[in-house]
Amino acid sequence: MSVLIAPSVLSADFGNLERDIKMINDSKADWFHVDVMDGVFVPNISFGFPVLKAVKKHARKPLDVHLMIVNPDQYLAAFADAGASIISVHYEACTHLHRTIQKMRQLGILAGVAINPYSCECIVRSYFSD
Amino acid sequence: MNVLSEVISAIDVVVLMSVNPGFGGQSFIRNTFSKTEELKNLIIQKNSGAKIEIDGGVDLKNASELVRCGADILVAGNTVFSSTSPSNTIAILKEASTQTA
């Protein structure tokens, strides 16, 4: 399988967002990576639903939404509604990760789990089977 | 049987952060190579279909090595948008998988 490339919209020129989205549409990229930050889980605030919806309006490839936010469960349905095909939540932000994964599957989106650089990748072991 | 396969594929994507999350343009943390290999082994061992996504500091130098270690998806921000030809940079990253074959 060829590797999938997911350019991150966070690095795009927000003053020319439509231009940059079209560049990704016309490129060999596979997904749009969309970084959502809440200023609590991470020390930065990126953007939320209005920008995501603007991206969705022009994007012709799946939106891979990376939630760097606390309590992601509260917003999963809204991100699915806004056009996310893949949603990744942080292991470090989920008290009941299995419930969160189940909720993502119920929403019909691909379920992703993100792991911080110094958390062990082994934590997902138990989530590969019931 | 369907129930079983749904359980096995409970996670579709594991995103390994290769920078501390929060900002674009940070330097790649090199322990990601071994973490990717270990995660790939775990996925194979568990007979899971989960894909490995690498997020943070992916560039033209580390991309093919990441794919060799088992990465399926590469996120690229600054590497793409700071380059003189973003679409060409995407194409080069895309080629990373075939270079390791």
Side-chain angles (χ1 to χ4, degrees), chain A residues 1-13 20 23-24 26-31 33 35 37 39 41-46 64 66 68 86-92 97-98 101-102 104-105 109-130, chain B residues 4 6-25 29 31-32 35-36 38-39 42-43 45-48 50-53 55-56 58 63-64 66-67 71-82 86-91 93-98 100:
Chain A
M1 191 196 84
S2 176
V3 69
L4 303 185
I5 305 300
S8 174
V9 172
L10 185 65
S11 297
D13 178 354
D20 285 356
M23 181 280 292
I24 294 173
D26 296 337
S27 77
K28 290 187 176 170
D30 299 277
W31 292 352
H33 187 82
D35 287 310
M37 305 176 185
F41 181 69
V42 289
N44 195 9
I45 298 173
S46 58
D64 170 30
H66 178 192
M68 285 167 266
I86 305 104
I87 297 180
S88 295
V89 297
H90 262 267
Y91 156 71
E92 296 85 359
L97 181 59
H98 189 251
I101 292 166
Q102 283 178 316
M104 289 193 277
R105 301 202 69 82
I109 51 172
L110 292 183
V113 175
I115 302 169
N116 278 342
Y118 296 99
S119 296
C120 184
E121 72 288 344
C122 56
I123 63 91
V124 295
R125 172 188 285 272
S126 50
Y127 296 96
F128 288 139
S129 52
D130 203 21
Chain B
L4 185 64
E6 274 174 33
V7 167
I8 286 171
S9 62
I11 298 180
D12 298 298
V13 179
V14 180
V15 182
L16 290 183
M17 294 307 299
S18 38
V19 299
N20 280 310
F23 301 92
I29 296 171
N31 77 1
T32 310
K35 287 182 76 174
T36 305
E38 277 159 36
L39 180 59
L42 188 58
I43 287 170
Q45 190 188 103
K46 285 284 187 176
N47 200 23
S48 160
K51 302 297 181 195
I52 302 176
E53 178 169 347
D55 184 5
V58 172
S64 56
L66 284 167
V67 174
D72 302 294
I73 303 146
L74 300 177
V75 175
N78 262 33
T79 294
V80 167
F81 286 100
S82 302
S87 62
N88 193 42
T89 303
I90 291 168
L93 286 168
K94 186 83 183 165
E95 284 298 308
S97 56
T98 54
T100 58

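Every value quoted in this text rests on a predicted model; they were computed, and no experiment measured them.
- In this structure, the portion of B:Val80 lying under 4.5 Å from any heavy atom of chain A is its side chain and not its backbone.
- Looking at B:Ala71, only its backbone comes within 4.5 Å of chain A, counting heavy atoms on both sides.
- Residue with the most contacts toward chain B among A:Val42, A:Asp35, A:Val113: A:Val113 (heavy-atom pairs, distance under 4.5 Å).
- Within the 4.5 angstrom heavy-atom criterion, atoms from both the backbone and the side chain of A:Leu110 approach chain B.
- Considering only heavy-atom pairs separated by less than 4.5 Å from chain B, the leading option among A:Met37, A:His33, A:Met104, A:His66 is A:His33.
- The number of heavy-atom neighbours closer than 6.0 Å to CZ of B:Phe81, taken from other residues, nucleotides and ligands shown, is above 12.
- Using a 4.5 Å cut-off between heavy atoms, B:Leu16 touches chain A through backbone and side chain atoms alike.
- Within the 3.5 Å criterion, the main-chain N or O of A:Asn116 finds a donor-acceptor partner in the side chain of A:Glu92.
- A side-chain donor-acceptor contact under 3.5 Å links B:Asp72 to the backbone of B:Ile52.
- The candidate from A:Gly112, A:Ala12, A:Ala29 with the greatest count of non-hydrogen atom pairs under 4.5 Å with chain B is A:Ala12.
- Under the 3.5 Å distance criterion, the side-chain polar atoms of A:Ser11 are matched with a main-chain donor or acceptor of B:Asn78.
- B:Asn88 does not touch chain A: none of its heavy atoms, backbone or side chain, sits under 4.5 Å away.
- B:Ser18 places no side-chain N or O within donor-acceptor distance of the main-chain N or O of B:Thr32, the cut-off being under 3.5 Å.
- Every residue was checked against the side chain to side chain donor-acceptor pair (under 3.5 Å) condition with A:Asp20, not counting sequence neighbours, and none meets it.
- Heavy-atom distances place the backbone of B:Val19, and not its side chain, under 4.5 Å from chain A.
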